Amino acid sequence: MQRRHFVQSLTASGLTMAGGQLFAAGTAQGNQPRLLIVFLRGGYDAANLLVPVSSSFYYESRPNIAIAKPSTELDSALPLNADWGLHPALRETIYPMFKSGEAAFVPFAGTPDTSRSHFETQDSIELGQPLDQSKNYRSGFLNRLASTLHGAEAMSFTDQLPLIFQGSIRVPNTALKSVSRPSVDNRQSSIIAAMYGNTPLAATVNEGFTVRDEVMQDMKTEMDAANRNAVSAKGFELEARRIARHMKDRYSIGFVDVGGWDTHVNQGGASGYLAGRFDELGRGLLGFSQEMGTMWKNTTVVVVSEFGRTFRQNGNRGTDHGHGTAYWVLGGSVRGGKVAGDQVKVDQSTLFQNRDFQVLNDYRAVLAGLFARQYGLSAVQNEQVFSGIKARDIGLL
């Protein structure tokens with residue numbers, strides 16, 4: 001077996017190569033706080049998620065895709081406070097969590113990066129490094145967090161290890177969205193184990209295959225049950241529940257990305273394409289909270305995106321690449337039921353470059369504040385995670 005194919009097979013089996021060494025996942029982390037970062041790749045339209053219902057400018061700017069002000073109609077925004085409403089697609093999922101104090105939103109959030117490039121801004125956020133310094137692509141902020149916590153076990157629920165987990169701590173990755181046979185079968189596993197039988201890596205290789213077998217058995221059981229519910233099997237909810245099963249028992253830091261948020265054309269309003277994505281995401285996040293069970297009280301979920309969208313709709317009844325966005329913060333111990341952080345009146349005069357939401361809540365400062373509260377990190381420790389930024393506690397934990 002050629003080395004390249006061998007490494008690919010090992011990675012698909014639950015083992016990972018890093019720094020020329022083979023390793024497997026470690027041990028459970030008990031009741032250590034859980035953190036899941038959900039990255040919406042594509043730059044979602046925050047203005048139709050967190051609707052500025054008190055802004056007449058919003059309704060002037062979006063004649064075809066705006067969400068109606070809160071009313072008795074099912075397609076109107078769900079009231080959060082006098083200025084903000086929530087997309088009606090989240091009526092049965094995130095809205096009850098908001099009302100029960102387990103969900104909050106942070107508008108005018110994001111990065112000072114103004115490139116409006118998906119790839120450049122995604123990289124910038126995942127690295128979490130100062131923009132005025134050269135980028136180190138081998139140092140993602142979640143890896144630095146895991147390193148600072150000394151022993152926190154992390155998992156990336158993705159096809160490949162993302163930038164956010166690159167670094168000195170070895171982090172495995174496994175994609176739970178597609179259930180299939182492992183690329184290394186039992187016969188091949190035995191051959192590989194025999195290859196390492198008399199080396200210092202023997203125990204590590206065997207442990208890696210054990211982890212692989214446990215994960216695949218769990219996924220097969222879920223797939224069999226999901227065949228009776230095709231919608232759940234195809235949606236984000238099933239993947240989110242799988243992630244919860246692994247995190248509540250083992251992994252204290254997790255990451256997953258969800259694509260499909262680049263809505264240049266026909267994004268829709270209360271219904272349509274974007275509404276469908278919000279519905280799927282909401283069901284997934286609710287399913288994650290339910291599956292976490294008693295660990296939910298010790299869990300924080302942060303939903304981010306690389307940027308928002310243009311405030312005005314375009315000629316194709318969609319929105320283009322913007323700047324400021326809105327973050328979601330969910331959890332059993334979250335002080336939710338509010339729209340938090342610095343805010344300004346939503347009007348033409350307050351737009352960034354006369355087109356986008358401003359960024360008033362720097363994501364590094366906001367996340368550093370959350371980490372300080374959740375893990376008790378000192379200013380020195382937070383500096384190791386987010387260099388050159390002061391943590392901001394906006395009262396969410």
Side-chain angles (χ1 to χ4, degrees), residues 25-39 78 80 86 90-106 109 141-142 145-146 148-157 176 218 222 232 236-256 258 281-304 326-341 363 366-378 381-382 385 391-397:
T27 58
Q29 296 300 308
N31 290 321
Q32 190 174 70
R34 267 44 174 179
L35 170 70
L36 175 67
I37 300 292
V38 180
F39 200 122
L78 305 165
L80 301 181
L86 188 64
L90 300 170
R91 181 182 302 275
E92 304 299 330
T93 54
I94 305 302
Y95 190 52
M97 296 173 68
F98 180 88
K99 293 199 296 183
S100 67
E102 295 185 345
F105 299 94
V106 185
F141 81 78
L142 278 188
L145 175 64
T148 301
L149 295 177
H150 300 298
E153 191 169 3
M155 169 66 85
S156 184
F157 299 97
L176 302 183
D218 184 41
E222 294 162 10
S232 179
F236 175 68
E237 180 178 4
L238 181 56
E239 182 178 3
R241 287 183 178 274
R242 290 171 177 160
I243 292 171
R245 286 193 177 97
H246 293 290
M247 289 196 67
K248 71 179 179 181
D249 293 332
R250 182 167 192 151
Y251 301 102
S252 54
I253 302 176
F255 174 86
V256 63
V258 182
L281 181 65
R283 287 187 290 109
L285 293 171
L286 177 62
F288 177 87
S289 70
Q290 294 171 339
E291 201 68 38
M292 287 298 290
T294 58
M295 276 302 298
W296 177 242
K297 70 180 183 299
N298 209 21
T299 298
T300 302
V301 178
V302 184
V303 181
V304 305
Y327 290 171
W328 316 18
V329 182
L330 318 173
S333 61
V334 166
R335 294 162 60 186
K338 58 187 174 183
V339 180
Y363 84 102
V366 171
L367 289 180
L370 287 174
F371 296 164
R373 295 288 296 179
Q374 183 165 7
Y375 300 109
L377 297 188
S378 66
Q381 290 173 315
N382 254 325
V385 181
R392 281 191 60 204
D393 185 355
I394 58 175
L396 295 181
L397 284 178

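Position 1 is the first residue of the sequence; numbering continues from there. Keep in mind that this is a model prediction, so the values were computed, not measured.
- To the nearest 0.5 angstrom, Leu330 atom CG is 9.5 Å from Phe288 atom CZ.
- Looking only at distances, a side-chain donor or acceptor of Ser252 sits under 3.5 Å from a matching main-chain atom of Glu153.
- Annotation: the span from Leu370 atom CG to Arg392 atom CZ amounts to 11.0 Å, rounded to 0.5 Å.
- At least one donor-acceptor pair under 3.5 Å links the side chain of Lys297 to the backbone N or O of Thr294.
- Contact record, Ala244 with Glu291: CB-CB, 3.5 Å, taken as the closest heavy-atom pair.
- Residues Ile253 and Ala152 come closest through the heavy atom pair CD1-CB, 4.1 Å.
- The minimum heavy-atom distance between Leu142 and Gly254, with the atom names listed, is CD1-O, 4.2 Å.
- Exactly one of Leu145, Leu149, Thr148 qualifies for a side chain to side chain contact (heavy atoms under 4.5 Å, CB included) with Gln381. That residue is Thr148.
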Q.
I'd like to know whether Val302 forms a side chain to side chain contact (heavy atoms under 4.5 Å, CB included) with Val366, so could you lay out the CA-CA distance, the side-chain angles of the two residues, the decisive distance to 0.1 Å, and finally the verdict.
A. CA-CA 11 Å; Val302 184; Val366 171; over 6 Å; no

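- Between atom CG of residue Leu90 and atom CG of residue Leu281 there is a gap of 7.5 Å, rounded to the nearest 0.5 Å.
- When side chains are defined from C-beta on, Leu78 does not count as touching Phe98, because their heavy atoms never get closer than 4.5 Å.
- Closest approach of Phe255 and Leu36 over heavy atoms only: N-CD1, 3.8 Å.
- Taken to the nearest 0.5 Å, the OG atom of Ser289 stands 4.5 Å off from the CE atom of Met97.
- With a 4.5 Å cut-off on side-chain heavy atoms, Ile94 and Phe105 count as touching.
- Shown here for Leu286 and Glu92, the closest heavy-atom pair between the two residues is CD2-O, 4.0 Å.
- Within the 3.5 Å criterion, the main-chain N or O of Met247 finds a donor-acceptor partner in the side chain of Arg34.
- Taking CG from Leu396 and NZ from Lys338, the interatomic distance works out to 5.5 Å, rounded to the nearest 0.5 Å.
- Contact annotation: the side chain of Val385 never approaches that of Tyr375 to less than 4.5 Å [non-hydrogen atoms, C-beta and beyond].
- When all heavy atoms of Ala368 and Asn382 are compared, the closest pair comes out as O-ND2, 3.1 Å.
- The aromatic rings of Phe371 and Phe141 sit tilted, their planes meeting at an angle between 30° and 60°.
- Atom CD of Gln290 is separated from atom CH2 of Trp296 by 10.0 Å, given to the nearest 0.5 angstrom.
- By the side-chain contact (heavy atoms from CB on, under 4.5 Å) test, Gln374 pairs with Pro33, Leu35, Thr300, Leu397, sequence neighbours left out.
- Ring geometry for Tyr251 versus His246: interplanar angle of 30 to 60°, hence tilted.
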